[in-house]
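First listed ligand is number 1; within each ligand, the first listed atom is number 1.
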Amino acid sequence: MPNFDYDLFVIGAGSGGVRASRIAAGLGANVAVAEERYFGGTCVNVGCVPKKLFSYAAHYRDDIIDSRGFGWDIPERSFNWGTLLANKNKEINRLNIIYKSILEDNGVAVFEAHAHIVNSHTVAVNGQLISAKYILIATGGWPWVPDYQGSEHVLTSNDVFHMETLPPRFLVVGGGYISVEFASIFTRLGSETTLSYRGDQLLRGFDGDIRQFITKQIGRDVNLRLETEIVKIAKNNNGLRVFFDSGSELEVDAVLSATGRTPLTAGLGLENVNVELSASGSVVVNNRFQTTEPSIFAVGDVIDRIALTPVALAEGQIVARALFSDSFDVMSYKCIPTAVFCHPNIATCGLTEEETLNQGIAVDVYTSTIKPLKNTLSGNEEMGMIKLLVEQSSDRVIGVHLVGPDAGELVQGLAVAMNAGATKQQFDATIGIHPTFAEEFVTMRAKRQNID
Ligand code: NDP
C-alpha cells in the first residue's frame with residue numbers, strides 16, 4: 001500500500017465537510033481540510049443562521065403591532081439596520097471560530113486556502129502537493145443569476161447579509177425558499193418590497209394547497225408580480241429601473257436575485273480526474289457518495305440532491321463512517337422535514353398531494369384553516385393551515401404540511417412520528433395540548449378523498 005500524507009483530504013469546511021472531517025478523525029483517521037472562504041460554509045455565513053437572525057428581527061415588528069390588542073402602548077417604532085448587522089456579524093464570527101476549533105480540537109489539519117485536485121490521490125494547496133487515500137469534495141453551491149441586460153446590478157443572497165444600509169425599495173426575484181424568506185423579512189424591516197416570479201404560485205414543489213395559501217398570505221405584506229420575468233435592469237440617478245416581459249416597469253433601490261444555486265466545482269481541478277458531472281454541473285455519486293473516480297467522494301449541495309444543511313451533515317457522517325468503520329449506513333431521502341422561514345412559516349414532511357397522485361397512492365386528505373388564538377385579540381389577519389395525507393391502505397400519515405407560527409418547531413416532532421410509521425389512528429389517540437396550534441394535528445376529523 002502506498003503511503004499517503006492523509007487518510008482523508010476534505011475540500012470545503014461547510015456543514016458536510018466539517019461533519020465528515022470530525023467523524024473521520026474521531027474514528028482514528030488522519031484528516032486534513034482546506035477552506036478558502038469561511039468556516040461553517042453557506043449555512044453559517046450567508047445562509048440559514050444569519051437569515052434566521054434576520055427573521056427574528058422581522059418578527060419583532062409583528063409582535064409590536066400585535067401587542068396593542070393586548071393592552072400595550074408602544075409609542076415609537078424605529079429599526080436600526082446597523083445594529084442588527086453588527087450583532088449578526090459578532091455572532092457569525094463566534095460561530096466561525098467554533099467551527100474551526102471543532103476541526104482543530106479533533107486533530108484535523110486545517111489549511112485556510114484554495115485546494116485543487118491534481119490527480120486521484122493528490123491535492124495542491126498553498127503551493128504544496130498533498131497526498132490522501134481519499135478526497136472528499138464538499139464545496140457546496142453558489143447563487144446563480146440569469147443572464148439579461150443589467151443583471152450585473154443585482155444582489156444575491158451572498159450580498160444581502162453585508163449591505164451597509166437597508167434599501168427603501170427592494171425587488172426580490174424568484175419564488176423559492178430564499179425569495180419568500182427575504183421578501184417577508186425586508187417588508188417587515190421597512191423596505192417597500194416587491195416579489196416577482198415567473199410562476200403563478202410561490203414555492204414550486206410544495207403541496208398545491210400550501211402554495212395557494214402561502215401565496216395569498218405573503219401577498220398581504222408584499223407586492224406580488226406573478227407570471228413575469230425581468231428582461232432588463234438599467235441604473236439611473238434614482239436607483240434601478242427594472243423592465244419586465246409584460247411591458248411593465250418598476251423603480252427600486254436594490255434587486256435580490258434568488259433564482260437558484262449551482263454546484264461549486266469551478267477551479268477544483270476536476271478536469272484532472274475522472275469525476276463525472278451531471279447536466280446541471282453537480283458531481284455524480286453513487287449511494288455511498290463515491291464519484292466515478294473511486295478515491296474521490298462528494299457530499300452536500302455540490303451533489304445537488306437535497307440542498308439542506310441537515311442533509312449535508314447526514315451525508316458527511318455516512319461517508320466518514322463508511323470509509324473508516326464497518327458502517328454500511330445508506331442515506332434515506334424519504335420523509336425529510338423542511339421549513340421555509342417566511343411569514344407565516346411553512347414546514348412540511350413527506351409527500352405532497354400531487355406526489356401521491358403521481359405515485360398512484362390512494363390517500364385521505366385532511367385540511368384545516370386556523371386563526372391562531374393570539375390573532376383574536378391582536379387583530380392580525382394572518383391565518384394558518386394544516387394538511388395531513390393519510391395512506392388509505394395502511395392508515396399511515398405520509399404527508400404533513402403546516403403554515404403557521406413556529407411551523408418548523410412543530411413539524412420536527414411530527415417527522416419523528418412519521419419516520420416511526422405513525423398512523424392516523426395513533427395521531428387521533430394522542431391527547432392534544434390545549435390551547436395550542438399544534439393540537440389541531442390530533443383532532444383532524446374532516447377528510448376529503450382524492451382517490452375513490
Ligand atoms: P429555489 O430552487 O428554491 O428557487 C429558485 C427560484 O428561482 C424558483 O422560484 C425558480 O422558478 C426561479 N428561477 C430559476 N431560474 C430562473 C430564471 N431563469 N428566471 C427566473 N426565475 C428563475 O432556490 P433558492 O435560491 O431560493 O434556494 C436554493 C436552495 O437553498 C433551496 O432549494 C433550498 O434547498 C436551500 N434553502 C433552504 C432554506 C431553508 O431550509 N429554510 C432557506 C434557503 C435556501 P421555478 O420555480 O419556476 O423553477
Side-chain angles (χ1 to χ4, degrees), residues 14-16 41-56 140-151 154-161 171-185 195-206 208 211 214-215 218 224-233 242-246 255-264 280-282 300-313 315 333 336-349 352 354 402-403 406-409 411-412 415:
S15 306
T42 299
C43 171
V44 166
N45 294 278
V46 287
C48 326
V49 176
K51 181 275 312 291
K52 187 85 189 275
L53 295 174
F54 282 10
S55 178
Y56 284 129
W142 201 252
W144 176 83
V145 177
D147 192 18
Y148 48 76
Q149 196 182 333
S151 62
V154 307
L155 304 173
T156 69
S157 53
N158 283 354
D159 306 310
V160 288
F161 293 107
L171 171 66
V172 180
V173 187
Y177 278 83
I178 295 178
S179 173
V180 297
E181 290 182 341
F182 273 106
S184 294
I185 290 168
L195 184 156
S196 74
Y197 174 47
R198 63 184 179 182
D200 61 345
Q201 279 173 2
L202 302 173
L203 290 167
R204 190 163 61 81
F206 281 71
R211 294 181 69 192
I214 198 68
T215 302
I218 288 185
L224 291 183
R225 287 188 177 217
L226 300 176
E227 298 181 274
T228 189
E229 286 193 72
I230 297 178
V231 288
K232 180 176 139 186
I233 297 180
V242 183
F243 299 81
F244 295 93
D245 57 0
S246 55
V255 177
L256 164 63
S257 188
T259 38
R261 297 171 59 83
T262 50
L264 193 49
S280 66
S282 60
D301 291 6
V302 77
I303 64 171
D304 203 12
R305 285 192 180 169
I306 296 184
L308 296 172
T309 288
V311 172
L313 293 172
E315 291 170 345
Y333 293 93
I336 291 176
T338 178
V340 188
F341 296 100
C342 51
H343 298 223
N345 288 183
I346 304 169
T348 172
C349 185
T352 64
E354 293 71 23
L402 170 63
V403 181
D406 296 319
E409 306 289 348
V411 166
Q412 181 69 80

The protein heavy atom nearest to atom 47 (O) of ligand 1 is Arg198 NE, 2.9 Å
Taking only non-hydrogen atoms of Arg204 and a 4.0 Å limit, the atoms of ligand 1 in range are 45 (P), 46 (O), 47 (O), 48 (O)
A student checking ligand 1 against Arg261 at a 4.0 Å heavy-atom cut-off should list atoms 28 (C)
Decide if atom OH of Tyr56 counts as having more than 12 heavy atoms of other residues, nucleotides or ligands within a radius under 6.0 Å. no
Within a radius of less than 6.0 Å around CD of Gln149, do more than 12 heavy atoms belonging to other residues, nucleotides or ligands occur? no
of all protein heavy atoms, closest to atom 14 (C) of ligand 1 is Thr259 O, 3.4 Å
When distances are taken from atom 37 (C) of ligand 1, the protein heavy atom at minimum range is Tyr177 CD2, 3.5 Å
protein heavy-atom neighbour closest to atom 35 (C) of ligand 1 works out as Ala307 O, 3.3 Å
Of all heavy-atom pairs linking Leu226 and Leu202, the shortest is CD2-CD2, 4.2 Å
Evaluate Leu171 against Ile230 for side-chain contact (heavy atoms from CB on, under 4.5 Å), listing each step before the verdict. CA-CA 11 Å; Leu171 171 66; Ile230 297 178; 4.0 Å; yes
Check this for me - ligand 1, Trp144, N or O atoms closer than 3.5 angstrom, yes or no?
no
Out of Pro143, Gly176, Pro337, the nearest non-hydrogen contact to atom 4 (O) of ligand 1 is supplied by Gly176
At under 4.0 Å between heavy atoms, what of Leu308 touches ligand 1? The answer is side chain
When distances are taken from atom 26 (O) of ligand 1, the protein heavy atom at minimum range is Ile178 N, 2.9 Å
Atoms of ligand 1 under 4.0 Å from any heavy atom of Lys51, numbered from 1 in the order shown, are 41 (N), 42 (C)
*asked:* Any nitrogen or oxygen of Tyr197 lying under 3.5 Å from a nitrogen or oxygen in ligand 1? Just yes or no.
replied: yes
* Heavy-atom side-chain contact between Thr215 and Leu203 under 4.5 Å -> no
Sequence neighbours excluded, the answer for side-chain hydrogen bond (donor to acceptor under 3.5 Å, both in side chains) partners of Thr309 is none
Check your understanding: Arg261 side chain to Gly141 main-chain N or O, any donor-acceptor pair under 3.5 Å?
Key -> yes
- Message: For the 3.5 Å polar cut-off, considering only N or O atoms, please tell me whether Ala339 and ligand 1 meet it.
- Response: yes
* Asked: So is Val340 polar-close to ligand 1, meaning N/O to N/O under 3.5 Å?
  -> no
In this structure, atom 9 (O) of ligand 1 is nearest to the protein heavy atom Gly175 N, 2.8 Å
heavy-atom search around atom 6 (C) of ligand 1 in the protein gives Ala258 O, 3.5 Å
| Do NZ/NE/NH1/NH2 and the carboxylate oxygens of Lys51 and Glu181 come within less than 4.0 Å? | yes
Would you call Thr348 and Thr338 a side-chain contact if the rule is heavy atoms closer than 4.5 Å?
yes
Ligand 1 atoms nearer than 4.0 angstrom to some heavy atom of Glu229 are 19 (N), 20 (C)
Salt bridge (Lys or Arg N to Asp or Glu O under 4.0 Å) pairs touching residues 142-151, sequence neighbours excluded, are none
- prompt: So, is Gly260 polar-close to ligand 1, with some N/O to N/O distance under 3.5 Å?
  reply: yes
Strictly under 6.0 Å, is that where the ring centroids of Phe341 and Phe54 end up? no
Atom 42 (C) of ligand 1 has as its nearest protein heavy atom Glu181 OE1, 3.3 Å
Decide yes or no for Ile185 and Cys342: does some side-chain heavy atom of the first lie under 4.5 Å from some side-chain heavy atom of the second? no
Per-atom filter on ligand 1: closer than 4.0 angstrom to a heavy atom of Pro146 are 17 (C), 18 (N), 19 (N)
